[in-house]
J.: 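So that we are looking at the same thing, I have put the structure below in C-alpha cells.
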Amino acid sequence: MNETIVNVANLNVHFGSAHVLRDVSFALATGTTIGVVGESGSGKSTLAKTLVGTVPASDGEVWVDGLDVRHATRRQLADYRRRTQMIPQDPFSSLSPRRTIGQTLAEAIEPGRGRVRPHRERIVDWLERVGLAGSMMDRYPHEFSGGQRQRIAIARGLIVDPTLVIADEITSALDVSVQSQILELLAEIRDTLGLTMMFISHNLAVVQRVSDEVLVLYRGVVVERGPVAQIFNDPKHWYTRSLLEADPGSPGFTLDATALDAERSMASTPRGKASHQ
Ligand SMILES: Nc1ncnc2c1ncn2[C@@H]1O[C@H](COP(=O)(O)OP(=O)(O)O)[C@@H](O)[C@H]1O
Ligand SMILES: [Mg+2]
C-alpha cells in the first residue's frame, strides 16, 4: 500500500526571466491527497501543469506513476495524460457547448470518437455517482447550473479511472453553499475509490476539508508543508498564519454549509486567538 506515486525534487520553472517555482520538492503516496495553497500568482497552476507535462521544468525531477515526466517521449506523455486527469476551474469553458453531456463523457473514454451507445452504462453510472440523473446525458452544458457543470467535469475526469487527479481551484467560481456540496462530493468519491489527488485552492479552509498533507506556496517557494492538522493548528511560517487569519472559515471549522455561511457573515468581526475544535 501507500507507495509513492508522485515524486518531485528541486523543481524549478522559469517563464523567461520570471522564476515561478523554486526548488519545490514533495512526494505523494497512493490514496492520499495533497493540498496546495497560496494566493493568486504563487505558482499553483504552474506546479499542476508541470506535473501533467504541459509546462516544461527548467530543472529538477518530476516522477509520476513511474514516469520521468521531464524526459518522457511524446507517446509516453499521451498515455500518461489519460492517467493523470486535471479537473478545471471553469467547466463551462471546457465543456463543448455543442456536445451533449453523454457525448462529452464518451469522448473522454474514447477520444476522437465520442460514441455514446457502447459506453451508456458507464456514463449513467458516473452521472449518478456525481449526484445527477442518468437521463441528463442527453442535455447540453447550458442547461445546467455552475455546480452541476462542476459535477459533470468531475465525472469526466474520473470516468477514465485516473491514477492521479489534479483539481485546480474547482470551487472558486461557485457560491459558498455549492462549494461545500462539491467538496463533500469529491471527498466522498475520493474515499470510496481511494483516489490519489492534488487539490489546489487559494482558500485554506477549502484545502483543509479534503487534504491529508498541505504545501503552502508563496511566490513559487514551498514555505511550509506538513500534515493538515499541523498546518492548521500549529502553523510555523508567517505566511501560513496570514492565510489563516485572512480566512474566516478556518481553522477548526467543519464543512457544513450553514456553519460556513455563519462564519462568512462574521468575517468582518475581528477574531481573537483561534480556538481549535
Ligand atoms: N505561460 C506563462 N508565461 C509567463 N508567465 C506565466 C505563465 N503562466 C503563469 N505565469 C506567471 O507565473 C506566476 C504563477 O502563475 P500561476 O502558476 O498561474 O499561479 P497561481 O495558479 O498560483 O495563481 C504568475 O506570476 C504568472 O503571471
Ligand atoms: Mg491558478
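All residue numbers refer to positions in the sequence shown, counting from 1. Both counts, for ligands and for their atoms, begin at 1 and track the order of listing.
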J.: I want to verify a count. Protein N, O or S atoms less than 2.8 Å away from the Mg ion (ligand 2), how many are there?
T.: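 With waters ignored, the protein N/O/S count below 2.8 Å is 1.
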J.: Around R219, counting heavy atoms of other residues, nucleotides and ligands shown, do more than 12 lie under 6.0 Å from its CZ?
T.: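 Incorrect, the count does not exceed 12.
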J.: Which side-chain N or O atoms in residues 17-27 pair as donor and acceptor under 3.5 Å with protein atoms at least two apart or in another chain?
T.:
{"from": "H19", "atom 1": "ND1", "to": "R22", "atom 2": "NH1", "distance (Å)": "3.4"}
{"from": "H19", "atom 1": "NE2", "to": "N12", "atom 2": "OD1", "distance (Å)": "2.8"}
{"from": "H19", "atom 1": "NE2", "to": "L21", "atom 2": "O", "distance (Å)": "3.2"}
{"from": "D23", "atom 1": "OD1", "to": "N12", "atom 2": "ND2", "distance (Å)": "3.1"}
{"from": "S25", "atom 1": "OG", "to": "N10", "atom 2": "N", "distance (Å)": "2.8"}

J.: One residue to check: V20. Relative to ligand 1, which of side chain, backbone, both or neither has a non-hydrogen atom less than 4.0 Å away?
T.: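 It is the side chain that gets close, since no backbone atom is under 4.0 Å.
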J.: Show which atoms of ligand 1 fall inside a sub-4.0 Å distance from at least one heavy-atom site of S40.
T.: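 It comes down to these atoms of ligand 1: 23 (O).
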J.: How far apart are the C-alpha atoms of H202 and S40, what are their side-chain angles, what is the distance that settles it, and do they pass the side-chain hydrogen bond (donor to acceptor under 3.5 Å, both in side chains) test?
T.: CA-CA 7 Å; H202 65 278; S40 175; over 6 Å; no
J.: What residue among D161, D65, T163 forms side chain to side chain donor-acceptor pair (under 3.5 Å) with R83?
T.: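 Running side chain to side chain donor-acceptor pair (under 3.5 Å) over D161, D65, T163 with R83 returns exactly one hit, D65.
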J.: Taking R209 first and then E184, would you say they form a salt bridge - that is, a charged N and a carboxylate O separated by under 4.0 Å?
T.: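 Between E184 and R209 there is a salt bridge, with a charged N closer than 4.0 Å to a carboxylate O.
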J.: Within 4.0 Å of atom 27 (O) of ligand 1 (strictly less), any protein heavy atom?
T.: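 Flag for atom 27 (O) of ligand 1 set to false, no protein heavy atom closer than 4.0 Å.
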J.: For atom 18 (O) of ligand 1, which candidate among G43, G38, S45, S42 provides the closest heavy atom?
T.: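 When every heavy atom of G43, G38, S45, S42 is considered, S45 comes closest to atom 18 (O) of ligand 1.
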J.: Enumerate the residue pairs fulfilling salt bridge (charged side-chain N to carboxylate O under 4.0 Å, His left out) with a member in residues 119-139, sequence neighbours excluded, ordered by first and then second residue.
T.: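 Listed once each, the pairs are D125-R129.
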J.: Which side-chain hydrogen bond (donor to acceptor under 3.5 Å, both in side chains) pairs, counting each pair once, include a residue from residues 41-52, with sequence neighbours left out?
T.: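 The answer is S45-D168.
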J.: Atom NE2 in H71, atom CG in D68: separation rounded to 0.5 Å?
T.: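 One gets 5.5 Å once the value is rounded to the nearest 0.5 Å.
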J.: Is a side-chain donor-acceptor pair under 3.5 Å present for Y140 with Q103?
T.: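 No.
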J.: Before signing off on this row, confirm whether F15 and ligand 1 have an N or O atom pair separated by under 3.5 Å.
T.: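 Such a contact does not occur with ligand 1.
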J.: Under 3.5 Å between any N/O of G41 and any N/O of ligand 1: does that happen in this structure?
T.: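 G41 vs ligand 1: N/O contact under 3.5 Å present.
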J.: Considering only heavy atoms of E39, which atoms of ligand 1 have at least one such atom less than 4.0 Å away?
T.: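 Every atom of ligand 1 under 4.0 Å from some heavy atom of E39: 22 (O).
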J.: Would E3 and T30 count as having a side-chain donor-acceptor pair, cut-off 3.5 Å?
T.: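 No donor-acceptor contact under 3.5 Å links the two side chains.
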J.: Measuring from atom 15 (O) of ligand 1, which candidate in L21, I200, T46, V13 has the nearest non-hydrogen atom?
T.: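 Considering heavy atoms of L21, I200, T46, V13, the nearest to atom 15 (O) of ligand 1 sits in T46.
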